[in-house]
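Residue numbering restarts at 1 for every chain, and letters A, B, ... go by the order of the sequence lines. The shown structure was predicted, so the numbers you read here are calculated from the model rather than taken from an experiment.
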Amino acid sequence: MAAITEEQVELVRALIAAIPPGRVRTYGDIADEAGLPSPRLTSWVLRTDGGDLPWHRVITASGRPAAPVRRRQLELLAAEGVPIVDDRVVLRRCRIGVDGDGP
DNA sequence: AGCATGACTGCTT
DNA sequence: TAAGCAGCCATGC
């Protein structure tokens, strides 16, 4: 029996599904919102149940997509209008839940 | 029971 | 900016 409940997993999926086009969120943000004890659990949910979810809208805090799918994600994100520079997503412009205070 | 793995993050060099 | 290191939690062997 996993330490996390089905409710938590469901919440994670809901949060990911709620991400609007042209916007992205990090694993850590989703984990925090869903109440997961660690951002690694977000990857776990995505990897196991992410079949019907817009997984491409979930990226690492580095602004770089996950390794096994990074090529795919960059293409999908770019198609949605997400600003990408040098194979990297511009989080300060498309990240949700955080307001870029500006440089 | 113990060790290795992974779609991670933050801090330090 | 990039690279290295430790912490993190569930899963698989």
Side-chain angles (χ1 to χ4, degrees):
Chain A
M1 170 56 182
I4 53 182
T5 65
E6 190 69 35
E7 190 177 344
Q8 300 294 92
V9 177
E10 190 112 353
L11 185 52
V12 172
R13 298 178 64 201
L15 288 168
I16 297 172
I19 302 174
R23 292 268 191 283
V24 298
R25 297 197 79 181
T26 68
Y27 290 88
D29 286 352
I30 294 169
D32 185 49
E33 286 290 301
L36 297 180
S38 174
R40 279 202 120 80
L41 279 300
T42 307
S43 71
W44 170 71
V45 174
L46 219 56
R47 192 174 60 113
T48 55
D49 301 304
D52 293 311
L53 293 171
W55 54 269
H56 57 272
R57 292 185 190 144
V58 184
I59 60 179
T60 69
S62 302
R64 215 165 93 135
V69 293
R70 66 177 160 72
R71 173 96 181 200
R72 183 90 163 138
Q73 270 198 313
L74 289 171
E75 206 169 320
L76 290 167
L77 292 171
E80 292 189 343
V82 174
I84 298 175
V85 178
D86 197 23
D87 291 349
R88 194 172 327 193
V89 177
V90 185
L91 291 173
R92 24 185 329 103
R93 258 165 105 60
C94 57
R95 188 178 185 178
I96 307 177
V98 178
D99 190 339
D101 60 80

Listed nucleotide nearest any side-chain atom of A/S38, set C/dC9, C/dT11, B/dT9 | C/dC9
In residues 66-88 of chain A, which ones come under 4.0 Å of DNA chain B, going by heavy atoms?
-> A/A66, A/P68
Can you tell me how far P of B/dT5 sits from CZ of A/R47, to the nearest Å?
-> 14 Å
By side-chain hydrogen bond (donor to acceptor under 3.5 Å, both in side chains), A/E75 pairs with (sequence neighbours left out) none
Checking side chain to side chain contact (heavy atoms under 4.5 Å, CB included) for the pair A/V82/A/V89: CA distance, chi angles, key distance, verdict?
-> CA-CA 7 Å; A/V82 174; A/V89 177; 3.6 Å; yes
Could you state the CZ-P distance from A/R64 to B/dT9, rounded to the nearest angstrom?
-> 13 Å
Of all heavy-atom pairs between A/A78 and A/I84, which one has the smallest distance, and what is that distance?
-> N-CD1, 3.8 Å
Quick one: look up who B/dT13 pairs with, Watson-Crick or G-U, both distances under 3.5 Å, and put none if it's unpaired.
-> C/dA2
Rounded to whole angstrom units, what separation is found between the CG atom of A/L36 and the P atom of B/dA7?
-> 17 Å
Would you confirm whether A/Q73, through its side chain, and A/I59, through its main-chain N or O, come within 3.5 Å as a donor-acceptor pair?
-> no
Hey, are the side chains of A/Y27 and A/L41 touching, using non-hydrogen atoms and a 4.5 Å cut-off?
-> no
Take the protein atom CD1 of A/I59 and the nucleotide atom C1' of B/dT9, then report the distance between them rounded to whole Å.
-> 14 Å
Taken to the nearest whole Å, CH2/A/W44 to P/B/dA4 is 23 Å
Rounded off to whole Å, could you give me the CG-to-P distance for the A/L41 and C/dA10 pair?
-> 5 Å
Heavy-atom contacts under 4.0 Å between residues 25-34 of chain A and DNA chain B, which residues?
-> A/T26, A/Y27, A/G28
